[in-house]
Amino acid sequence: MKKIRWGILGCGKIARKFAADLKLVQDAELIAVGAREQATSATFAKDFPAKYVHGSYEALVSNPEVDVIYVATPHGLHHEHVMLCLKHKKAVLCEKAFAINYREAREMIDFARSQNTFIMEAFWTRLLPHYLKMKELIAQGKVGAIKYLNAEFGFIPTPPFPPRLYDPALGGGALLDIGVYPIFLALDILGKPDHIDAVMTPASTGVDEQCAIRFRYNNGAIAQLFCSFASNLATGADVAGDQGRIRLTHRFHGPTTALEYYPGIVDTREIIPFEKAAGNGYEYEARHVNECLNMNLVESPVLTHELTLLLMQTLDIIRAKAGIKYPVD
């Protein structure tokens, strides 16, 4: 089994979760970390030791021993940092939102293809056991023809929260930070909508504090999606059809949710078991990237470039409908 040598670009909170879970991946090794300042990467390396501790992103991407880089910086910086990795032909796992807009995402993916280099959006949810089980139940016809999907994600940021959450220059707002989860769910299950409606409540900086979205499909299906920095929500999801309903309970996007199945009979509920994550849940996407690299793939067969571009294109349409604008636009 070939050991895949990982580098981490950006040493924030999510990078720590990913680094912790990387230890659970048998054929993975954290070999290098990089931040804008040496002190930041050195502090990170105290908890997650690496052979190389870089004080700049340029040093990290220039390291010949690094096979793949996990880009864990704010999404407003993803285009810049991913392009830097790709110019040095480093495979990339890029956090979501993949980019600020479709144009950036298209450039990133096209350049990766021209470099014959692997790139994947780090949409960890798509690879988690509960999500795979849900997809299996849908494929088995357990809910029948899907008529309705509902998903919400909301929390009130508590100080001190990162300034990026409300900064237009960094793609701030609820939509790109957490709204991507309900939207991804709808796109992955129902596909590209035929009609999109969206409204938002602005924060003081002009970005969206709340955003309500409705997808309508010509086959009659409807998806109601909501994200918020103004309310602490249950953050659950329902997929309902003419034969039954699947409910993902609190934190539907993560490995701690519960999976409930309602076969259409009143008061009948079945709790669906699934494999529990040993870590935070990021080990599944890391393991999948390793599998892709060991097969010399430049694109994941699960989190495809097409799916990432559809998500970014849909987010652009939602922003246009709701009036969410960024300087980069």
Side-chain angles (χ1 to χ4, degrees), residues 17 21 24 96 122-156 174-175 177-193 210-217 219-285 287-288 302-303 307 311 314:
K17 291 181 179 180
D21 284 3
L24 303 173
K96 77 208 95 55
F123 227 107
W124 65 313
T125 303
R126 180 62 182 81
L127 297 160
L128 291 175
H130 80 275
Y131 195 94
L132 298 178
K133 188 64 179 179
M134 176 196 67
K135 295 271 287 189
E136 179 186 325
L137 294 173
I138 293 172
Q140 290 172 350
K142 293 292 188 180
V143 299
I146 298 173
K147 300 296 185 180
Y148 177 71
L149 185 148
N150 174 76
E152 59 178 29
F153 196 147
F155 70 95
I156 300 174
L175 181 66
D177 192 70
I178 56 177
V180 290
Y181 285 105
I183 294 163
F184 177 88
L185 179 67
L187 292 177
D188 190 41
I189 292 177
L190 293 172
K192 183 178 180 179
Q210 296 194 123
C211 192
I213 305 122
R214 180 176 62 183
F215 290 174
R216 291 179 289 135
Y217 295 83
N219 65 2
I222 293 176
Q224 298 273 40
L225 315 168
F226 188 70
C227 56
S228 176
F229 284 159
S231 303
N232 293 313
L233 303 178
T235 305
D238 288 276
V239 180
D242 55 10
Q243 299 295 317
R245 174 169 63 94
I246 296 171
R247 171 72 177 167
L248 300 175
T249 63
H250 180 60
R251 293 184 64 81
F252 74 89
H253 62 289
T256 59
T257 190
L259 191 59
E260 301 175 348
Y261 172 59
Y262 298 80
I265 303 171
V266 177
D267 295 331
T268 299
R269 180 184 67 170
E270 180 182 351
I271 305 299
I272 305 296
F274 56 86
E275 174 190 321
K276 299 299 182 182
N280 300 298
Y282 297 96
E283 65 266 33
Y284 296 98
E285 64 179 358
R287 195 173 290 122
H288 179 67
V302 178
L303 282 161
L307 185 54
L311 176 57
T314 305

Taking only residues two or more places apart in sequence, or in another chain, which ones meet [X] in a salt bridge (Lys or Arg N to Asp or Glu O under 4.0 Å)?
{"X": "Lys192", "answer": "none"}
{"X": "Glu270", "answer": "none"}
{"X": "Lys133", "answer": "Glu136"}
{"X": "Glu275", "answer": "none"}

Report the residues that fulfil side chain to side chain donor-acceptor pair (under 3.5 Å) with [X], sequence neighbours left out, ordered by chain and then residue number.
{"X": "Tyr131", "answer": "Asp188"}
{"X": "Arg287", "answer": "none"}
{"X": "Ser228", "answer": "Gln210"}
{"X": "Asn280", "answer": "Asp21"}

- Task: Sort and list the pairs that fulfil ring-ring contact (aromatic ring centres under 6.0 Å, His included) and have at least one residue in residues 223-253, not counting sequence neighbours.
- Result: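 Sorted result for residues 223-253: Phe153-His253, Phe155-Phe229, Tyr166-Phe229, Tyr181-His253.
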
- May I ask you to check whether over 12 heavy atoms, not counting those of Lys142, lie within 6.0 Å of atom NZ?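 Not more than 12 within 6.0 Å, no.
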
- Query: According to the salt bridge (charged side-chain N to carboxylate O under 4.0 Å, His left out) rule, which pairs have a member within residues 220-231, sequence neighbours left out?
  - Reply: none

- Mind jotting down which residue pairs meet the salt bridge (charged side-chain N to carboxylate O under 4.0 Å, His left out) criterion with at least one end in residues 248-258? Sequence neighbours excluded, please. none

Counting C-beta onward and ignoring hydrogens, is there a side-chain heavy-atom pair between [X] and [Y] closer than 4.5 Å?
{"X": "Leu24", "Y": "Tyr282", "result": "no"}
{"X": "Asp238", "Y": "Tyr262", "result": "no"}
{"X": "Ile189", "Y": "Met134", "result": "yes"}
{"X": "Arg126", "Y": "Leu132", "result": "yes"}
{"X": "Leu149", "Y": "Leu225", "result": "yes"}

- For Ile222, what residues pass the side chain to side chain contact (heavy atoms under 4.5 Å, CB included) criterion, not counting sequence neighbours?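 Side chain to side chain contact (heavy atoms under 4.5 Å, CB included) check on Ile222 returns Arg214, Arg216, Gln224.
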
- Message: Looking at Glu152 and Leu233, would you say the former's side chain and the latter's main chain have a donor-acceptor pair under 3.5 Å?
- Response: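 Answer holds: no.
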
